A.B. asks: 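Below are the structure tokens for one structure; questions will follow.
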Amino acid sequence: MHMLDNLAMGFGVIFTANNLLYCLFGAILGTLVGILPGLGPAATIAMLLPSTYALGPQASLIMLAGIYYGAQYGGSTTAILVNLPGESSSVVTCLDGHQMALQGRAGQALATAALGSFFAGCFATLLIAAFAPLLSEAALAFGPAEYFSLILLGLIAAVILASGDVLKAIAMVTLGLLLGCVGADLNSNAQRFTFGLPELDDGLDFVAVAMGVFGISEILVNLQQPGGARTVNRDSIKRLWLSREEFKQITWPTIRGTLIGSLLGILPGGGALLGSFASYSIEKKIARAPSRFGKGAIEGVAAPESANNAGAQTSFIPLLTLGIPSNAVMALMVGALMVQGIAPGPQLISEQPALFWGVIASMWVGNAMLIVLNLPLIGIWIRLLSAPYKLLYPTILLICCIGAYSLENSAFSILVVAVFGVLGYVFYLLECEAAPFMLGFILGPLLEEYLRRSLLIARGNPLEVVNHPIALVFLLVSLALVLLILLPNFRRVRVEAFQEE
Amino acid sequence: MNLASKTNFYAGLLFAGIGLAALVLGRGYAMGTAARMGPGYFPTLLAGLLLVLGLVIGVRAFWQEGPQPRPFKPMPLVVMTVSVVLFALLVDRLGIAVATVILTVGARLAAPQRRWLEVVLLALALSAAAVVIFGYGLGIPFVLWPF
């Protein structure tokens, strides 16, 4: 009953006026970000990071987490009503969700998405509470060799599980690692790639880099696209609830979606996106009449929407137990912890129990808030859907600039934002994914430090790793993954997994 | 040139170029040994890897099919970047109020279809919000006004 005691402590943390308020704020903001196409959780979290300095670790992590899983709720609304993914993880929801709206069943689709997300959120919360402490206990015995190989495994797995060209993704990780070297070397204090600029002594500020790569370049990409008028299908919401028959139809897809999403969320490179794709194609495969999919099958909404919310939450497991972020949003969470002076790692649960259990309890509370925000209050959000982007993006730009300034109270960081905005846009043009880059950038200094320490202990002989069985397993799995991706058969399956229709 | 994927060719060129630049810039950093790595060890390793990856990606683009170039209009990129840089250079001299107006007008210039009255109103509203919320409210030590 240890877990229940801990959860009780967590609920003690979240049920304070301050933390509840930030949880609600995160949920509202997440829904908003989810609903607005062209503004993602990564950009929003990067934008808000400077203002979390003053909040304290609990409130800031509770709020930022709320933005991520809240966006999974909001994303489905846009997918169903406008046939645009409000969030990338809602891409597959467009297929059947929008068809349902065209048939006048938008209310049922919205209810399915919200209820599925809520179920998945509750399940994922319990999963984290049950397994995270076990995992972190195992990780406490890790030395530098284990950590080095774990981070390497994480980076490689992240590349393979991401969509797109693997070789380019590996190059992006490498580029991120390389830029992570900028600044004074920790051991020798030698300046690396600083061009004599004292502002670069401490390295590139990751918040400024993230604002540029996610925030500014997102705006640039959106401005390139023809801004046609969005037609919001408001009249198709007739009944925001399900019949008994429909409840029966979504029960198993929701459970399957939750399980698949939870599992894929834990993996490095996972998170919300992967689970929604996988669960949709599984539902389609096992359906008695697969031809119904794409024509308004309610299962095609229930499964991916449960999966993306489950995945959004379980992707916190590697972060909170091992200190290793599995996707770009989690990489920003590492930054959020570090600005609070908390080193993410296996010691987090024992050293900061109130923070850990508070965040977990906040996920349950946040999900409860979100179901209220996204069902009875849906009308408010629909009105926001027609908010013009031309007013939105100058505001985003200003918040990025001011946020960057406030990092060090200096205008230099704004220049960093500008440079990485251009770079992020170049990445977009060349179809290179920014997420692996960001992971590499965040993990670079850690990877170097662990490599140094483990080779120092091994007196420079990398083959000493045979004395570290756990590290050896991680390295062998990394190698196996690299070999796997070279197989044409696997490559084909992977391409298919990311294609729908 | 007969490229199967222009996009991948340029991506390879970019990676290889950055890798090469990092090798050149980092040539003076002490390498050390594997047991006692100097500051140059890790970055040189990465830069070399990036150079090789870039070359492979670039050469492979000659025959392996890949994405074709996305439509690219340079104006929004240039105008937006210039206005952010202007904001950075001017915020400490002219103050946040004026810099915000410049940033907003610049940002709106980057997009088509603008009505000037709307742009001016938005710029003034954001400028006021920046001064009140971030300057007075959050107490970020900005220069507020040019005087």
Side-chain angles (χ1 to χ4, degrees), chain A residues 51 54 165 167-168 170-172 174-175 177-178 181 185 187-188 190-193 195 216 219-220 223-224 227 390-391 393-395 397-398 400-402 404-406 409-415 417-418 421-422 425-426 428-432 444 447-448 451-452 455-456 458-462, chain B residues 7-8 10-11 14-15 18-19 22 25-26 29-30 33-40 42-43 46-47 49-50 53-54 56-57 60 66-67 69-73 76-77 80-81 84-85 87-89 91-92 96 100 103-104 107-108 110-111 113-114 118 122-123 126 130 134 138 140-142:
Chain A
S51 56
D165 190 330
L167 211 53
K168 275 157 85 182
I170 293 177
M172 288 297 275
T174 313
L175 181 60
L177 291 169
L178 188 61
C181 293
D185 170 41
N187 293 27
S188 63
Q191 302 289 315
R192 300 194 294 198
F193 309 116
F195 303 99
I216 306 277
I219 296 177
L220 288 165
L223 287 183
Q224 297 274 334
K390 59 187 176 184
L391 300 183
Y393 82 84
T395 315
L397 196 65
L398 178 66
C400 281
C401 286
I402 292 180
Y405 184 95
S406 69
N409 289 325
S410 116
F412 182 78
S413 303
I414 306 177
L415 294 174
V417 171
V422 175
Y425 186 63
V426 172
Y428 162 81
L429 285 178
L430 299 178
E431 307 209 14
C432 299
L447 193 68
E448 179 177 16
L451 178 66
R452 271 186 177 172
L455 280 178
L456 181 64
R459 288 177 303 277
N461 180 7
Chain B
T7 304
N8 283 352
Y10 289 128
L14 176 76
F15 290 131
I18 296 177
L25 285 169
Y29 304 159
T33 62
R36 292 207 170 273
M37 287 183 199
F42 195 61
L46 293 172
L49 178 64
L50 193 60
L53 284 170
V56 173
I57 292 168
R60 197 188 53 165
R70 289 181 148 147
F72 169 52
K73 285 178 242 147
L77 176 69
M80 188 86 94
T81 307
V84 174
V85 170
F87 181 91
L89 296 178
V91 68
D92 284 334
I96 182 78
T100 301
L103 179 72
T104 312
R108 287 296 285 115
Q113 303 160 4
R114 54 190 166 264
E118 193 187 275
L122 179 67
L126 285 180
F134 295 102
L138 294 176
I140 300 171
F142 284 125

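Here the structure is a predicted model, which is why all the values come from computation and not from measurement. Below, chain A is the first sequence line, B the second, and so on; all start at residue 1.
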A.B. asks: Do you know the tightest heavy-atom contact between R60(B) and D165(A)?
C.D. replies: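 The answer is NH2-OD2, 2.7 Å.
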A.B. asks: Does the cation-pi check pass for R70(B) over Y428(A), that is, NZ or CZ under 6.0 Å from the six-membered ring centre and within 45° of its axis?
C.D. replies: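 Pair R70(B)/Y428(A) counts as cation-pi.
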A.B. asks: Select, from P462(A), G460(A), S413(A), the one with the greatest count of heavy-atom pairs under 4.5 Å involving chain B.
C.D. replies: G460(A)
A.B. asks: To check you understand the geometry: which heavy-atom pair defines the closest contact between L46(B) and T174(A), and what is its length?
C.D. replies: O-CG2, 3.5 Å
A.B. asks: Side chain, backbone, both or neither: which part of V85(B) has a heavy atom under 4.5 Å from chain A?
C.D. replies: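 V85(B) touches chain A through backbone and side-chain heavy atoms alike.
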A.B. asks: Quick check on F193(A) against chain B: is it the side chain, the backbone, both or neither that has a heavy atom closer than 4.5 Å?
C.D. replies: both
A.B. asks: On the 0 to 90° scale, with breaks at 30° and 60°, tag the F142(B)-Y405(A) ring pair as parallel, tilted or perpendicular.
C.D. replies: tilted
A.B. asks: For S188(A), is it the side chain, the backbone, both, or neither that has a heavy atom closer than 4.5 Å to a heavy atom of chain B?
C.D. replies: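 Answer is side chain: those atoms of S188(A) sit under 4.5 Å from chain B.
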A.B. asks: Quick one: what part of M37(B) sits under 4.5 Å from any heavy atom of chain A, side chain, backbone, both or neither?
C.D. replies: both
A.B. asks: Among V91(B), I57(B), T81(B), which has the most heavy-atom pairs under 4.5 Å with chain A?
C.D. replies: I57(B)
A.B. asks: Taking the side chain as everything from C-beta on, heavy atoms only, tell me whether F87(B) gets closer than 4.5 Å to L398(A).
C.D. replies: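 Side-chain contact under 4.5 Å: yes.
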A.B. asks: For residues M80(B) and Y393(A), determine if any side-chain heavy atom of one lies less than 4.5 Å from a side-chain heavy atom of the other.
C.D. replies: yes
A.B. asks: Against chain A, work out which of A110(B), A35(B), G40(B) has the most heavy-atom pairs shorter than 4.5 Å and name it.
C.D. replies: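 The residue among A110(B), A35(B), G40(B) with the greatest pair count is A35(B).
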A.B. asks: Please report the closest heavy-atom contact between C401(A) and L103(B), naming both atoms and the distance.
C.D. replies: SG-CD2, 4.0 Å
A.B. asks: Return the option, out of G19(B), P76(B), A107(B), P43(B), with the maximum number of heavy-atom pairs under 4.5 Å with chain A.
C.D. replies: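 Option with the top pair count is P43(B).
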A.B. asks: Which heavy atom of A411(A) sits nearest a heavy atom of A88(B), and at what distance?
C.D. replies: CB-O, 3.1 Å
A.B. asks: I want to check something: taking the side chain as every heavy atom from C-beta on, are I96(B) and I402(A) in contact at a cut-off of under 4.5 Å?
C.D. replies: yes
A.B. asks: Would you mind reporting whether F134(B) and S406(A) have side-chain heavy atoms less than 4.5 Å apart?
C.D. replies: no
A.B. asks: Which atoms of P69(B) are under 4.5 Å from chain A, going by heavy atoms: the side chain, the backbone, both sets, or neither?
C.D. replies: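 When you check distances to chain A, no heavy atom of P69(B) falls under 4.5 Å.
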A.B. asks: Counting only non-hydrogen atoms closer than 4.5 Å, does V417(A) touch chain B with its backbone (N, CA, C, O), its side chain (CB onward), both, or neither?
C.D. replies: neither
A.B. asks: Looking only at heavy atoms and a cut-off of under 4.5 Å, which of L397(A), N461(A), V422(A), I219(A) has the most pairs with chain B?
C.D. replies: L397(A)
A.B. asks: How close do A171(A) and L50(B) get, counting heavy atoms only, and between which atoms?
C.D. replies: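 Reported closest heavy-atom pair: O-CD1, 3.4 Å.
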A.B. asks: Look at L391(A), D185(A), L178(A), V426(A) and state which one has the largest set of heavy-atom pairs under 4.5 Å with chain B.
C.D. replies: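 Looking at each of L391(A), D185(A), L178(A), V426(A) in turn, L178(A) comes out on top.
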A.B. asks: Which bit of Y10(B) comes within less than 4.5 Å of chain A, counting heavy atoms only: side chain, backbone, both or neither?
C.D. replies: both
A.B. asks: Identify which part of L126(B) has an atom lying under 4.5 Å from any heavy atom of chain A, answering side chain, backbone, both or neither.
C.D. replies: both
A.B. asks: Let me know if F72(B) has heavy atoms under 4.5 Å from chain A in its side chain, its backbone, both or neither.
C.D. replies: both
A.B. asks: Which of these passes side chain to side chain contact (heavy atoms under 4.5 Å, CB included) with L77(B): L223(A), L220(A), I216(A)?
C.D. replies: L220(A)
A.B. asks: State, with a plain yes or no, whether a side-chain heavy atom of F15(B) is found less than 4.5 Å away from one of M172(A).
C.D. replies: yes
A.B. asks: So, do K390(A) and L122(B) sit near enough that their side-chain heavy atoms are less than 4.5 Å apart?
C.D. replies: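 K390(A) vs L122(B): side chains apart.
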A.B. asks: If you take all heavy atoms of V84(B) and I414(A), which pair is closest and at what distance?
C.D. replies: CG1-CG2, 3.8 Å
A.B. asks: Given a strict heavy-atom distance threshold of 4.5 Å, which part of R459(A) is in contact with chain B: side chain, backbone, both, or neither?
C.D. replies: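 The answer is the backbone of R459(A).
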